[in-house]
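First up is the structure itself, then whatever we jot down about it.
The chain is numbered in sequence order, starting from 1.
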Amino acid sequence: MAGTSRTAPDDRGGSPSQDDRADPATEAFLTHRNLLFTVAYEMLGSAADAEDVLQETWLRWAGVDLDTVQSQRAYLVRITTRQALTRLRTLGRRKESYVGPWLPEPLLTAPDVAEDVELADSVSMAMMLVLETLTPTERAVFVLREVFDLGYDEIADAVGKSPVAVRQIAHRARAHVAARRPRGGASPAQTRDALEAFQRAVDTGDLQRLLDILAPDVVFLGDGGGVRQAVPRPIVGADRVARVLAAGLGRIAATATLQPAQVNGSPALILRFDGEIDTVIAVRIDDGLITGLYAVRNPEKLSHMQRETALRR
């Protein structure tokens, strides 16, 4: 396509230009951009890699004869899925040499993501970690079927398998996820009350208050990427987690601020020093108690906390 930009169009900073809107390929890409990013992010757990996948998707889409495309959405999702699968296999090798626990890259999200319960659950830190236990093809099939409700024929085209094989993979992936997915959940009121109680306990360093709000089997994970100090392995159990939090946060209480936020469609706290983000703590709440704490400190993973990321199904 002569004259087409090699940089993927992006209208997040404002409205696209008149020339962009007049270009059918650009218009279609912008229409589905947030959906494509969400597909790539759910498959990869990395916003930076998801953006790279969108760039690769655009380069391929810009050369397509649109007159031959029956469904622009399906075609774009197919390109995105194939590019994400290729990158996912590369990411797997990178994660093998990652220093300490690996957590998904946190995204600052708007309230509308939390309102879509299925979308919020699918991008939560807890669920993204469950998706990490699937094979690349299982993950692609699960995400496309369970989150985006694509038909088996569409998924088969995207992953290069037969519809029969895709049905078998989907069944296997659903069973795998069901055995590991987070339990219960919480009402908005329970979530708000638990997060406020947790923040008060952290602010005061009150160990008993922390114990009261943590589930007996709570898990605390930290990701410093070898760049920032973080817990080197998962900490399990209310007493151990409470003591680690009380000791660590107690030392910095006078110089840090802790603010609530929506991260990956779920409640979170942002720890700042002198206005700069130091740590993002995503919180999993079930039945009014905190069952998971996911602290991301690796600076390379905090760039998408500066502005809200739009996620769509």
Side-chain angles (χ1 to χ4, degrees), residues 1-92 107 116 119 122-123 135-170 173 304 309-313:
M1 185 178 293
T4 298
S5 169
R6 294 183 63 82
T7 301
D10 183 353
D11 63 351
R12 291 173 298 172
S15 300
S17 69
Q18 184 64 44
D19 288 343
D20 282 345
R21 286 196 297 269
D23 175 12
T26 302
E27 183 71 24
F29 187 87
L30 289 174
T31 296
H32 299 296
R33 188 189 192 287
N34 293 338
L35 163 71
L36 302 178
F37 176 86
T38 308
V39 169
Y41 176 74
E42 292 213 23
M43 286 182 59
L44 300 170
S46 164
D49 285 285
E51 293 286 1
D52 287 345
V53 163
L54 259 62
Q55 175 66 26
E56 293 159 2
T57 298
W58 166 250
L59 292 175
R60 285 157 178 78
W61 174 246
V64 171
D65 179 358
L66 298 188
D67 290 337
T68 66
V69 177
Q70 291 185 338
S71 168
Q72 294 179 343
R73 178 181 185 272
Y75 200 106
L76 281 162
V77 168
R78 182 162 71 247
I79 299 174
T80 300
T81 301
R82 289 176 177 174
Q83 297 306 310
L85 273 172
T86 299
R87 187 163 289 254
L88 185 57
R89 296 182 177 103
T90 302
L91 272 178
L107 303 177
D116 184 338
L119 177 60
S122 71
V123 297
T135 68
T137 301
E138 286 174 342
R139 185 167 184 168
V141 170
F142 182 87
V143 167
L144 294 177
R145 181 63 181 171
E146 300 301 314
V147 181
F148 298 96
D149 199 30
L150 265 64
Y152 290 112
D153 289 344
E154 287 181 278
I155 299 172
D157 286 341
V159 301
K161 303 284 185 181
S162 71
V164 172
V166 165
R167 285 180 182 273
Q168 294 172 341
I169 294 169
H304 278 73
T309 297
L311 300 176
R312 294 288 182 271
R313 286 200 295 158

| query | How many angstroms lie between atom CD of Gln83 and atom OG1 of Thr81, to the nearest 0.5 angstrom? | reply | 10.0 Å
| Looking at Ser122 and Glu42, what are the two nearest heavy atoms and their distance? | OG-OE2, 2.7 Å
| request: First locate atom CG of Leu144, then atom OH of Tyr152, and finally report the distance between them rounded to the nearest 0.5 Å. | output: 12.0 Å
| request: To the nearest 0.5 angstrom, please state how far the OG atom of Ser162 sits from the CD atom of Gln168. | output: 7.5 Å
| Side chains of Val39 and Phe148 in contact at under 4.5 Å (non-hydrogen atoms) | yes
| said: Going by salt bridge (Lys or Arg N to Asp or Glu O under 4.0 Å), name the pairs with one or both residues in residues 54-72, residues two or more places apart or in two chains. | reply: Glu56-Arg87
| Are Thr309 and Tyr41 close enough that some pair of their side-chain heavy atoms sits under 4.5 Å apart? | no
| query | So which heavy atom on Leu54 is nearest to which on Ala40, and how close? | reply | CD1-CB, 4.4 Å
| task | Quick one: closest heavy-atom pair of Ala28 and Gln72, and the distance? | result | CB-OE1, 3.2 Å
| Measuring from Leu35:CG to Arg312:CZ, what's the distance to the nearest 0.5 Å? | 10.0 Å
| Does the pair Val123 and Leu107 meet the rule for a side chain to side chain contact (heavy atoms under 4.5 Å, CB included), with working shown? | CA-CA 9 Å; Val123 297; Leu107 303 177; over 6 Å; no
| Atom CG of Leu36 and atom OG1 of Thr80: how far apart are they, to the nearest 0.5 Å? | 4.0 Å
| message | Listing request: all salt bridge (Lys or Arg N to Asp or Glu O under 4.0 Å) pairs with a residue in residues 140-169, at least two apart in sequence or in separate chains. | response | Glu146-Arg174
| If you look at every heavy atom in Ala50 and Leu44, which pair is closest and at what distance? | N-CD1, 3.9 Å
| field | Gap between atom CG of Leu59 and atom CD1 of Ile79 - 0.5 Å precision | value | 10.5 Å
| task | Applying ring-ring contact (aromatic ring centres under 6.0 Å, His included), name anything that partners Tyr75, two or more places apart in sequence or on another chain. | result | Trp61
| message | Restricting to non-hydrogen atoms, name the atom on Pro24 and the atom on Leu66 that form the minimum distance, rounded to 0.1 Å. | response | CB-CD1, 3.7 Å
| query | For the residue pair Arg313 and Arg73, what are the closest heavy atoms and their distance? | reply | C-NH2, 4.4 Å
| Do any N or O atoms from the side chain of Thr38 and from the backbone of Leu311 form a donor-acceptor pair under 3.5 angstrom? | no
